[in-house]
Amino acid sequence: MIKYVYILLIFAASAACSTVGEHDGKKGIEIRLAQGIFSTRLVDDDNLSSEQVINNISVFFADPGDDNIAYKYIFSGFSTSGDYRIVTIPLEAEELQRKDIYVVANYDNAAALEAVTTITRLGQLQTPIIDKSNNLQAGDGFCMYGMRADFDFTDPTLGSPVVNVERTCAKMRITVTFPGNPRLSTDNSYLVARAASYTFLAENTGQSLPSDAYFNFASETELTPSGAMFTGTAYVYQAEVAPVLYIYTHINGSAEAQEFSANMPIPDRNYLYDLDVRIFEDLVSGRSAPVGFYAEITLIVYDAYGEKIDEVILSA
């Protein structure tokens, strides 16, 4: 299964691989936005089509290693052609020379972006704040950020620069099963505690979120049945505090929910945290009914490039 969930921005720097447009008498450098690995068609359980939404794109250029922004294009219009979103920047390679490239997608505060004059300030911008209802929804378009350092637009041997743009949130995928008794519960839900209400647009800004920036989801979210399996997906912002996952299951239709919980790792942007929750009856020889229930939770972590980096057993 393909695990890639990052986004590529391809800047075509030569006429041989780009189409140019006219902007105030200038030819334009074409920017191609390709989602997923290289194609929007490469979509699977880990890389949902709803996670590929792009509402707006902003591009910034700075001289290599310089903090001052030389050029910026806020909410550049784009079109779709095949697998690409296409933006035309009204600059030529001779104007750009060597530049650091910064790209922001789905950041809706145009005024904040327009006010930015330095890369430091760009990295200090905060993502939109969400509330306890966890309104961080894939279909709304996740805020994304990425950069490419010191690209020489005048060197035709380099081809087109590629900027990997990562979502500022992490994804938690939850699967609950009852291996010993698949019909043990049909009413199951989850809740996330200590989720961040926002994060910073760029990573490693040296800033930490205050304690009041964390909250518990306001209510439980139902897990969706799929045969004998129950599934759910939650998105949480990158943060410095580890969230806690709670699983609630109504054993044998009981009114009172059985609760299981596990401490999650500190969430990284664009990481996938794949949680396999298996709930068992705690059987004792000679007894006709179980004395209780316990959960085994396996966590597999995939990084922003879809590589498996860890597999651990969480206590519940």
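By the 4.5 Å heavy-atom criterion applied to side chains, L136 and C169 are counted as neighbours. The closest side-chain heavy-atom distance from E240 to Y214 is below 4.5 Å. Residues T175 and T231 are in side-chain contact: their nearest non-hydrogen atoms beyond the backbone lie under 4.5 Å apart. Within the 4.5 Å cutoff, the side chain of T298 has no heavy atoms near those of the L275 side chain. Between L91 and F153 the shortest side-chain heavy-atom distance does not fall below 4.5 Å. Between I297 and D276 the shortest side-chain heavy-atom distance does not fall below 4.5 Å. Looking only at side-chain heavy atoms (C-beta outward), F215 and I130 come within less than 4.5 Å of each other.
Tracing side-chain contacts under 4.5 Å through hydrophobic residues (I, L, V, M, F, W, Y), one never reaches I300 starting from M229; they form parts of separate clusters. Hydrophobic cluster membership is shared by I89 and L158, with clusters built from Ile, Leu, Val, Met, Phe, Trp and Tyr side chains linked at under 4.5 angstrom. Cluster annotation: I266 is not connected to L209 through the hydrophobic network of ILVMFWY side chains, with a link wherever side-chain heavy atoms come within less than 4.5 Å. A chain of hydrophobic side-chain contacts below 4.5 Å, direct or via other Ile, Leu, Val, Met, Phe, Trp or Tyr residues, connects I309 to M172. Residues V312 and V244 share a hydrophobic cluster, clusters being chains of Ile/Leu/Val/Met/Phe/Trp/Tyr side chains in contact below 4.5 Å.
For the pair D63 and K99, the salt-bridge criterion is met [side-chain N within less than 4.0 Å of a carboxylate O].
The distance from atom CD of Q126 to atom CD of Q207, rounded to the nearest 0.5 Å, is 7.5 Å. Taking CD1 of I119 as the start and CZ of F61 as the end, the distance is 11.0 Å to the nearest 0.5 Å. Here the CG-CD1 distance, from N181 to I279, works out to 11.5 Å after rounding to the nearest 0.5 Å. A distance of 11.5 Å separates CG in D310 from CG in D303, rounded to the nearest 0.5 Å. How far CD1 of I74 is from OH of Y107: 11.0 Å, rounded to the nearest 0.5 Å. Here the CG-CZ distance, from N55 to F75, works out to 9.0 Å after rounding to the nearest 0.5 Å.
A donor-acceptor contact shorter than 3.5 Å is absent between the side chain of Y102 and the backbone of S58. In this structure, the side chain of T199 engages the main chain of Q238 through a donor-acceptor pair within 3.5 Å. Of the possible donor and acceptor atoms, none in the side chain of E203 sits under 3.5 Å from a partner among the backbone N and O of F200. No side-chain donor-acceptor contact under 3.5 Å links D274 to the backbone of Y302. Here the side chain of N106 pairs a donor or acceptor atom with the backbone of F142 at under 3.5 angstrom. Not one N or O on the side chain of N188 forms a donor-acceptor pair closer than 3.5 Å with the backbone of I247. Checking side-chain atoms of K171 against main-chain N and O of T233 turns up no donor-acceptor pair under 3.5 Å. No donor-acceptor distance shorter than 3.5 angstrom exists from the side chain of T154 to the backbone of A93, with no hydrogens or angles considered. Between the side chain of R269 and the backbone N or O of L201 there is at least one donor-acceptor pair closer than 3.5 Å. Checked by atom type and distance alone, the side chain of S189 never pairs as donor or acceptor with a backbone atom of L223 at under 3.5 Å.
Relative ring orientation between F178 and F230 is described as perpendicular, the plane-to-plane angle rising above 60° on a 0-90° scale split at 30° and 60°. Note on ring orientation: taking the six-membered ring where Trp is involved, the planes of Y71 and Y73 are parallel (angle under 30°, cut-offs 30° and 60°). In this pair, Y246 and Y248 present their aromatic rings parallel. The plane angle is below 30°, not in the 30 to 60° band.
Here the rule is side-chain contact (heavy atoms from CB on, under 4.5 Å) with Y273, and of I174, D268, L245, V236 only D268 fits it.
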Item to complete: Using the side chain to side chain donor-acceptor pair (under 3.5 Å) rule, take E166 and Y271 through it: C-alpha gap first, then chi angles, then the decisive distance, then the call.
Response: CA-CA 9 Å; E166 298 180 357; Y271 273 39; over 6 Å; no
- Worked check of side chain to side chain contact (heavy atoms under 4.5 Å, CB included) between F151 and L96: CA-CA 9 Å; F151 187 83; L96 284 170; over 6 Å; no
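When all heavy atoms of D140 and V53 are compared, the pair lying nearest together is C-CG1, 4.4 Å. For the residue pair A218 and S133, the shortest heavy atom distance occurs at CB-N, 4.4 Å. Of all heavy-atom pairs between S185 and H250, the closest is OG-O, 3.1 Å. Across all non-hydrogen atoms, the minimal contact from S197 to Y237 is O-CE1, 3.4 Å. The minimum heavy-atom distance linking M144 with E51 is given by the pair CE-O, 4.3 Å. Summarising the geometry of D150 relative to P64, their closest heavy-atom pair is OD1-CG, 3.3 Å, with the distance given to 0.1 Å.
At a cut-off of 3.5 Å, with distance as the only test, no side-chain donor of N252 or S254 sits close to an acceptor on the other residue.
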